[in-house]
Amino acid sequence: MYPSSSDDDKPLARNGNRTNGTAHKKNGIVLPETVSDSVDRQMDAEQMDIDVEDIPLASLVKDVSPAQSRGKRKARKPAIKAQESDEEVVPKGKRQKVTTNGKAKAVDDSDEDDIPLAKQRAAAPKRVTKTVVTTENYSTDSDELMVKKLTAEKHEIEKKAEETAKKLRAEDAQKKKNVAPAAAAKRKIMKKEPESDSDLPIKAKRVAKKTNGVKKEESDDEPLFKKPAAKRAAPKKTTASVKGEEQKPAAKTKGGKTKEEESPQEEEEGEDDDEFKWWEMEKNDGSTKWKTLEHNGVVFPPPYEPLPVNVKLKYDGVPVTLPLEAEEVAGFFGAMLHNSPVNTENPRFVANFFKDFQDITRSKGGAKNVAGKKVDIKTFEKCDFEDIWNYYEQKRIDKKNMSQADKKALKAERDSLEEPYLYCYLDGRKEKVGNFRIEPPGLFRGRGEHPKTGMFKTRVQPEQVTINIGKGAKIPEPPEGHKWAAVVHDPTVTWLATWKENINGNIKYVMLAATSSLKGMSDFAKFEKARELKKHIDKIRKDYEKELRDRLMEVRQRATAMYLIDRFALRAGNEKGEEEADTVGCCSLRFEHVTLELPNKVTFDFLGKDSIRYVNTVAVDAQVFKNLKIFKKEPKRDGDKLFDRLTTGDLNKHLQSYMPGLSAKVFRTYNASWTMQQELAKLDNTGTVAEKQVQYNAANRAVAILCNHQRSVTKGHETSMERTENRLKGMKYQKMRLKKMMLALEPKLKKNDPEFFAADPDIDEEWIKEHQEWLVQQEREKIEKKFKKENEKLVAEGEKELKASMLKERLKESDELSKKFKQENKTGKVEPGKGATVEKLENNVKKLEERIQALEVQMRDKEDNKTVALGTSKLNYIDPRLTVMFCKKFDVPLERVFPKTLREKFKWAIESADENWEF
DNA sequence: AATAGAACTTAGGAAAGGTGTT
DNA sequence: AACACCTTTCCTAAGTTCTATT
């Protein structure tokens, strides 16, 4: 935007983009170009050679302590150091900031930062992986319960249903075929693609691009498509295609026609008719993503619905009327008031919201009281959103309480409205569109300490939306009275529509769904690339081991970063701007994020993507330890970059030299899938399906931990845990009673095996008493309920109710129980039931024992899993063919581990991997 | 060479949906 | 039939990477 040399603090970028004077170099202290021998030796001296063997990939040593007492995370970006004295140094606390409207103002950011930071520290420890050295795997999983519940019987039913459905579909398809053989024909054509237009896309691109990002619809200079495409009749379907599936626009039949050869034998049956098995075809070179593209555009959110006149914001106790635009913004805040404390209680969120709210209120005419007099809204503290909150909360409740039928009707209405947008036709194939809904306005929910969190995310107008569509295809109608920003025909990209969001200026896209062939292909390519890395990894590792000792600082830093990325699955770590949350990855690690402890322990503690904290203590290679020490040496301090001579670009460029397409993120995919394979390889085909599923999840968890995929503890976790704990104790209590019964029958048993009859330390007397009372109470309730039911029945049959005295009589039974317990407590003996034998009792004890153990494992598992998110790795990192392999090899139904959407997304994997597949 | 832009993948939380229980 | 609890899907923010521009 501006010359990189003299961009000190003054340039006030015309575009209103970030203008911070520090935008150029933020490395802070930069280490010398080479590592001198003396430095090397010095480090060696301080650190007598320790030889640490390779540590396992998914390092087992994990965080020891949160290390949160450490220095201020704040110092960040001391960027402008006194050293560069020729530069007009901006006083630290008073730097230029520019608001989105381009108005610059001095901001005292030391103040601004300090307050929230204190808070942050208090809030941060949320979800820290607390781990100790751990090598074991857990043998069970929280899913167990769920699993058990899915009885085999039910499964049968499910399966049958699915089969029938499939058959029906197939039949349906068959019919369709007969009616419209064109579809089938066209499908075949896809097989091979015109060779000769490989040069086309590039040209197309050039034409299409230019004019910074928004490509204008080319008039008729240079047709993008050489041939027929342009001529196709505009598809009629758009409005007509209410029952979507069937009608294929006539257009696409022509799409690739020209070739009439068919290979009839590849007609697949049994499968869904329209299956496009791209994974069985030759690879496309990827330079162009489609030849023809038809779709119906996007769905805009409904217009704002004003609040009822009696629902108002109160300012200083007085209800005020706001301009509609401002009311909407107030409504966003009010609606989340008690719902989303992470936001509404975050000072930064509040401040940003309030600023935008004030601005819009003022610019739209200001707030007025009932008398119509202007009210100046000055402070947030005087704003009372309760009424607004109540209004929206009530709405939510009402919605929830709607009758089943009404809910259904509502959904049907919505569905039919959206139906035209669900699918598009790409190269004539029907493909699912992903996010066709334009993002609604709201308050920006930036995560962590995002500087802009809480700002007003404005409504997107059609005038901001650019449509990408095949040339000749019918252009979707913009909403009445509006027009599109532009309509382009760019076959080199996959998006159907795009717009720019107002908060960060980020570009948003409407793209195809994960189940689409486009996404599937690139997903497939991603995993293939990771597998390709296998062939190079040895060399790469050998090289960086060597380069860890390189004299050139850049090389040494690069090697060290590669080590970290390879071993600990760190992200690349691009530079981030002043206006984004302060999070880091490998290359952007700073001084304060890494602490060293002799002989070779390294503790990472930083906020990564999504401001998720990464805490991990690991043992590293001696040379790595030494290097980190060098990178942290002397003038460096908090806020300085560790890898001051390395950028993600440098790193990726280097990686490219090993293998085309290799970049830092590939290591994450590679390591995740590799780890999964290793974990699965440990399993043998024993146990029930449920047990195997649990093992699978344990393997999955190992990967999730490697990747630091966390989740917040769910609301109910604590109570649910306590409840289970209680249940467990109850079982232990019953076990104890059983044992006492045994003794009652055969007192001398105790001598033979005193341990067996020893008291259980987990349940103390007090608890037992409480529990007994609870049991008695349960008994009472049961009796009462039964009584009530009987009465109801009697009344219904026109007979007389039972007397209350009858109930009393029955309740005596519970009194008996109470008495019995008391007796037991006193004597320490438990009367066995009739017919009990020592053997039977012992057997019961054993059974209970098993149940107890299962529950305990399950609990431990749940506890350990409470902060680990398995889904992310399953969805993005673990090659799905590993899962398919696992299921086939161990006879685990795939549905057990892949929910429907994953089965759809990974169809390519499901159909291409067998029980012997290897990553 | 640096930086901005563009396009796409990855991510956690919220909402929705399903299921067993009462 | 309402609930509580858990899983799945939706939403959109937040990364990475590659390309275009200055």
Side-chain angles (χ1 to χ4, degrees), chain A residues 1-5 7 13 15 17-18 23-25 127 142-143 145-146 149-150 154 205-206 209-210 212-213 215 289 336 339-340 342 396 400-401 403-404 407 411 434-435 437 439-440 442 444-448 450 452-453 457 490 492-495 498 500-501 503-509 511-514 518-519 522-523 526 571-577 580-581 583 585 587 608-612 647-653 655-656 661 663-666 668-669 707-712 714-717 719-720 723 781 785 862 869-873 875-877 899-902:
Chain A
M1 221 67 257
Y2 33 81
S4 59
S5 51
D7 64 324
N15 62 359
N17 272 349
R18 87 169 53 125
H24 56 309
K25 246 226 175 64
R127 295 202 272 135
S142 62
D143 316 48
L145 248 195
M146 177 201 79
K149 287 171 187 163
L150 279 173
K154 191 144 200 189
K205 199 162 181 177
R206 278 211 206 95
K209 299 257 159 122
K210 68 183 179 185
N212 76 8
K215 301 139 224 172
K289 312 294 170 101
M336 63 201 290
N339 232 342
S340 186
V342 266
R396 283 186 283 255
K400 213 153 87 190
N401 290 341
S403 77
Q404 219 54 37
K407 274 185 192 165
K411 188 177 184 320
N435 54 328
R437 274 175 281 253
E439 293 175 13
F444 174 65
R445 289 155 106 108
R447 312 201 180 135
H450 192 119
K452 295 185 171 185
T453 193
K457 187 168 125 171
D490 184 352
T492 69
V493 295
T494 67
W495 52 266
T498 183
K500 193 182 243 183
E501 147 269 337
I503 304 283
N504 301 292
N506 287 336
I507 304 168
K508 303 282 191 161
Y509 300 93
M511 289 179 184
L512 297 192
L518 265 182
K519 293 284 190 188
S522 74
D523 210 34
K526 172 183 78 184
R571 295 189 184 84
N574 286 298
E575 285 304 311
K576 296 192 70 186
E580 300 172 274
T583 62
C587 294
K609 182 176 177 181
D610 292 298
S611 293
I612 295 295
T647 70
T648 52
D650 302 334
L651 179 61
N652 283 339
K653 203 157 83 196
L655 291 174
Q656 291 280 0
S663 65
K665 81 192 272 281
V666 180
R668 246 167 107 78
T669 314
C707 296
N708 197 38
H709 290 145
Q710 299 188 237
R711 60 173 180 157
S712 52
T714 53
K715 309 157 225 111
H717 179 80
T719 40
S720 144
R723 234 190 302 243
E781 278 168 24
K785 225 178 236 166
K862 190 169 174 182
L870 300 189
T872 306
S873 50
L875 188 63
N876 299 303
Y877 286 105
K900 187 165 71 104
T901 45
L902 282 198

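We name chains A, B, ... by the order of the sequence lines, and we start the count at 1 in each one.
Counting any heavy atom pair closer than 4.0 Å across all strands shown, N652(A) reaches sugar-phosphate atoms only and no base atom. S522(A) comes within contact range of the sugar-phosphate backbone alone, with a heavy-atom separation under 4.0 Å but no base atom that close. Residue T714(A) is classed as having no contact, given no heavy-atom separation below 4.0 Å to the nucleic acid. Using a 4.0 Å heavy-atom criterion, one finds that G573(A) contacts the sugar-phosphate atoms exclusively.
In this structure, the side chain of K526(A) engages the main chain of N876(A) through a donor-acceptor pair within 3.5 Å. The backbone N or O of F444(A) sits nowhere less than 3.5 Å from a side-chain atom of K452(A) that would complete a donor-acceptor pair.
Under 4.0 angstrom from either OP1 or OP2 of dC6(C) there lies no side-chain N or O belonging to K715(A). Side-chain N/O atoms of R437(A) include one lying less than 4.0 angstrom from OP1 or OP2 on dC11(C). Applying the 4.0 Å criterion to OP1 and OP2 of dC18(C), one finds that Q656(A) has a side-chain N or O inside that range. In terms of phosphate contacts, K665(A) brings a side-chain nitrogen or oxygen within less than 4.0 Å of OP1 or OP2 of dT10(B). The side chain of T583(A) places an N or O atom within less than 4.0 Å of a non-bridging phosphate oxygen (OP1 or OP2) of dG15(C). Residue R723(A) places no side-chain N or O under 4.0 Å from the OP1 or OP2 atom of dA4(C). Using a 4.0 Å cut-off, no side-chain N or O of K653(A) falls inside it from OP1 or OP2 of dT17(C).
In the set dA6(B), dT17(C), dT12(C), the nucleotide with an atom closest to the side chain of I507(A) is dA6(B). In the set dA13(C), dG12(B), dT10(B), the nucleotide with an atom closest to the side chain of A869(A) is dG12(B). Proximity note for T901(A) (side chain, C-beta onward) versus dG15(C), dA14(C), dT9(C): the nearest is dT9(C). Of the listed nucleotides (dA7(B), dT10(B), dT17(C)), dT17(C) has the atom at the smallest distance from the side chain of N574(A). The H709(A) side chain lies nearest to dG12(B) when the options are dC8(B), dG12(B), dA14(C). Among the nucleotides dC8(B), dA4(C), dG13(B), the one closest to the side chain of S712(A) is dG13(B). Here the nucleotide nearest the side chain of R668(A), chosen from dC8(B), dA11(B), dT9(C), is dA11(B). The nucleotide whose nearest atom lies closest to any side-chain atom of Y509(A) is, among dG13(B), dA7(B), dT10(B), dA7(B). Considering only the side chain of K411(A), dG17(B) comes nearest among dG15(C), dG17(B), dT16(C). Of all nucleotides listed (dC18(C), dT12(C), dG12(B)), dC18(C) comes nearest to the side chain of S663(A).
The separation between I503(A) atom CD1 and dA14(C) atom P is 11 Å, rounded to whole Å. dA13(C) atom C1' lies 13 Å from atom CG of N435(A), rounded to whole Å. Between the C1' atom of dC10(C) and the CG atom of L902(A) lies a distance of 14 Å, rounded to the nearest Å.
Comparing K900(A) and F444(A) along DNA chain C, the residue whose closest nucleotide (by nearest heavy atom) sits nearer the 5' end is K900(A). For T719(A) and G448(A), each mapped to the nucleotide of DNA chain C holding its nearest heavy atom, the one lying further toward the 5' end belongs to T719(A).
Side-chain to base pairing of K609(A) with dT10(B): one donor and one acceptor N or O lie within less than 3.5 Å of each other.
Within the 4.5 Å cutoff, the side chain of L651(A) has heavy atoms near those of the C587(A) side chain.
When K576(A), H450(A), R571(A) are each tested for a side-chain contact (heavy atoms from CB on, under 4.5 Å) with T583(A), only one passes: K576(A).
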